[in-house]
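Before any comments, here is the structure.
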Amino acid sequence: MSALVPSAVREISDGYAFTGPALDLGAVLLDGTAYAEAPVRVPLAVLNRHGLVAGATGTGKTKTLQLIAEQLSAQGVPVFLADIKGDVSGVAAPGEPGERTAARAAEVGQDWQPRGCPAEFYALGGLGSGIPLRATVTSFGPLLLSKVLDLNETQESSLGLVFHYADRNGLELYDLKDLTAVITFLTSSEGKEELKGIGGISAATAGVILRSLTLLENEGAGAFFGEPEFDTAELLRTADGGAGVVSVLELPAVQNRPRLFSTFLMWLLADLYQELPEVGDLDRPKLVFFFDEAHLLFKGASKAFLEAITQTVRLIRSKGVGIFFVTQTPKDVPADVLAQLGNRVQHALRAFTPDDAKALKATVSTFPKSPAYDLGEVLTSLGTGEAVITVLSEKGAPTPVAATRLRAPQSLMGPIAPAALQAAVDGSALAGKYRDAIDRESAYEKLAARAARPEAELVPDPAPAEPARERSPERSSGRAAERTQEGGGGLLGSLMSNPALKSFARSAGTQLGREISRSLFGTSRRRR
């Protein structure tokens, strides 16, 4: 290192001199000057210790995600990115050289070459051009669904009872209509008898839940629930050449449903947690998952929900998964979760209001002490593409705080052309597997069929009820016909008033079945 490099920069640089494989983030920045001789890096082996990327709007958080994602992919690590604004798809295409890119590369000592990554593009429920991501209601579980529906703790408990009943009695909850049918049955005189001894659901609570489900479906969110359900193992794939596949979930079409997409991201993590085996600390993670707009997940969350998030974050690292929460300030993340985020990239913060000043002070307090910087001053003066960084060393100790001028992404810094995106989706091997929705027999049809049969035919079945299955045993390639919508006076209304349901209730009560095993979030465990 040159003798002209200040001693403070030397000391910081020594803290980032790792021997194993690492990602290159940028160069140490001091008094407005970037020192290319002092690279700032993060060891690949500690990325399962999670991280935080924070900063005000327009400070470069998205480009930081892109920079980290493309380097992970190049080293064979799959990545999941949520594309909130619709500009992350460029990770699949080589970047475009230009004067600003060349200048940034020279400042930080980067050998910049245009390079894209192998990518898959997804869309929630098919609302967008990507491959549809769906989950069955059974798999999603009562805790996550309560978050989507904004239920209070009493309503959340009642919804859990509905799932418990459906699980025990072979009533598969694949979509929202299935759940509506079971709730309506359980609040009828026949259904109330079934819940004796294990609790009950008040008409008022059931009404709130049913109205929330109707609103959700009217907003078009019903498309997110159904089959074929997405297998989260798809996120762990590598391309033929060994590069990690970057999975991009496009979300612009559902920006007006922030609670839904943030909770859906949590479902993906919960499913990965319960399906992956324990592997301990690897030399590189199996997957790095970027959780964008993280504050939406925590805002208004119940105590049980926060406890489940905290435990999932704490334990999923031993399964080889690293999580980066992306938000504006560390205050957006609960303290118990923040304490587990060992790698920090903090972009600029603004202090225009008293609340901003309070958030700035809180952010400074979450960093290690730094003799080289006045962090309060630095965090308000950083430019776009600059950040304050501290990560875990190979020994698990925090590195010195480093103001950093970040490298430029080598992939396209912007969206790819719509035609190119559509071609990538159409050419994907997953398109035929997930594109077309299917509609198998489930709780709605079973309750309707029972109600339509004469009472004399409704006798207890000798065999236990088959449990609700959250994964289809066969995937139909044809599009199922849409179900006919029924109002309160239609099929569902007659279903609940039919005297034959009394016999069905007795029959269901004798079919103890095998209740679905559920995880921390109440999500169902998949049986392979």
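As a basis for the values below, the full set of heavy atoms in this structure was taken, side chains included, without hydrogen atoms, waters or symmetry mates.
Annotation: side chain of S146 is not in contact with side chain of F305 (no heavy-atom distance under 4.5 Å). Looking at L47 and L72, their side chains come closer than 4.5 Å, going by heavy atoms from C-beta outward. V40 places none of its side-chain heavy atoms less than 4.5 Å from the side chain of L406. Contact annotation: the side chain of L179 approaches that of L145 to within less than 4.5 Å [non-hydrogen atoms, C-beta and beyond]. Using a 4.5 Å heavy-atom threshold, the side chains of T327 and L52 count as touching. Put simply, the side chain of V313 reaches to within 4.5 Å of the side chain of I323, judged on heavy atoms. Within the 4.5 Å cutoff, the side chain of I68 has heavy atoms near those of the F290 side chain. Between S442 and K177 the shortest side-chain heavy-atom distance does not fall below 4.5 Å.
Within the 3.5 Å criterion, the main-chain N or O of T329 finds a donor-acceptor partner in the side chain of D332. The closest donor-acceptor contact from the side chain of T399 to the backbone of V391 lies under 3.5 Å. Between the side chain of D83 and the backbone N or O of V88 there is at least one donor-acceptor pair closer than 3.5 Å. Using modelled atom types, one side-chain atom of K319 and one backbone atom of L276 make a donor-acceptor pair closer than 3.5 Å. With hydrogens and angles ignored, the 3.5 Å screen pairs no side-chain donor or acceptor of S139 with any backbone N or O of T136. A donor-acceptor contact shorter than 3.5 Å links the side chain of S73 to the backbone of G244. With hydrogens and angles disregarded, no donor-acceptor distance shorter than 3.5 Å links the side chain of E293 to the backbone of S262. D24 contributes no side-chain N or O that, together with a main-chain N or O of P39, makes up a donor-acceptor pair within less than 3.5 Å. Remark: the backbone N or O of L173 is not paired with any side-chain donor or acceptor of D178 at under 3.5 angstrom. When atom types are taken as modelled, the side chain of R435 and the backbone of G432 share no donor-acceptor pair closer than 3.5 angstrom.
Within the model, atoms CD of E96 and CG of L412 stand 5.5 Å from one another, a figure rounded to the nearest 0.5 Å. Here F224 contributes atom CZ and L124 contributes atom CG; the two are 5.0 Å apart, rounded to the nearest 0.5 Å. Here the CZ atom belonging to R405 is positioned 13.0 Å from the CD atom belonging to Q110, to the nearest 0.5 angstrom. Between atom CE of residue M266 and atom CZ of residue F298 there is a gap of 8.0 Å, rounded to the nearest 0.5 Å. How far CZ of F80 is from CG of L268: 5.5 Å, rounded to the nearest 0.5 Å. R115 CZ to Q113 CD: the interatomic distance, rounded to the nearest 0.5 Å, is 9.5 Å.
The heavy-atom pair separating G109 from R407 by the smallest distance is O-NH2, 3.8 Å. Summarising the geometry of A34 relative to L29, their closest heavy-atom pair is N-CD1, 3.7 Å, with the distance given to 0.1 Å. Nearest heavy atom pair, residue S393 against residue P43, reads C-CG, 4.2 Å. For the pair H50 and V321, the tightest heavy-atom approach, listed with the atom from each and the gap, is CE1-O, 3.4 Å. Contact detail for Q75 and P21: the closest heavy-atom pair is OE1-CB, 3.7 Å. When all heavy atoms of A223 and R134 are compared, the closest pair comes out as O-CG, 3.8 Å.
Remark: R49 engages D281 in a salt bridge, criterion side-chain N to carboxylate O under 4.0 Å. Look at E172 and R440 and you find no salt bridge, because none of the NZ, NE, NH1 or NH2 atoms lies under 4.0 Å from a carboxylate O.
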Inset, instruction - Step by step, work out the side-chain contact (heavy atoms from CB on, under 4.5 Å) result for L341 and F324. - result: CA-CA 8 Å; L341 310 183; F324 274 77; over 6 Å; no

Legend entry - Trace of the side-chain contact (heavy atoms from CB on, under 4.5 Å) decision for H347 with L382: CA-CA 7 Å; H347 287 266; L382 290 169; 5.7 Å; no

Legend entry - Residue pair Y35, I12: steps toward the side-chain contact (heavy atoms from CB on, under 4.5 Å) verdict: CA-CA 11 Å; Y35 292 86; I12 294 171; over 6 Å; no

Legend entry - Test log, rule side-chain contact (heavy atoms from CB on, under 4.5 Å), inputs Y434 and D231: CA-CA 10 Å; Y434 294 110; D231 186 347; 3.5 Å; yes

Inset, instruction - Walk me through it: do E234 and S247 pass the test side chain to side chain donor-acceptor pair (under 3.5 Å)? - result: CA-CA 9 Å; E234 311 282 13; S247 298; over 6 Å; no

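Using cut-offs of 30° and 60° for the angle between ring planes, the Y16 and F18 rings count as perpendicular. Between F230 and Y122, the ring planes lie perpendicular to each other; the angle is over 60°, past the 30° to 60° tilted range. Relative ring orientation between F264 and F140 is described as tilted, the plane-to-plane angle lying within the 30° to 60° band.
Few gaps surround CD on Q422; more than 12 heavy atoms of other groups in view lie less than 6.0 Å from it. Counting heavy-atom neighbours within 6.0 Å of E99 CD, excluding the residue itself, gives a total of 12 or less.
Side chains of T523 and Q274: a donor on one and an acceptor on the other come within 3.5 Å. There is a side-chain donor-acceptor pair under 3.5 Å between T232 and D271. Between the side chains of E37 and S13, no donor-acceptor pair of N or O atoms lies under 3.5 Å.
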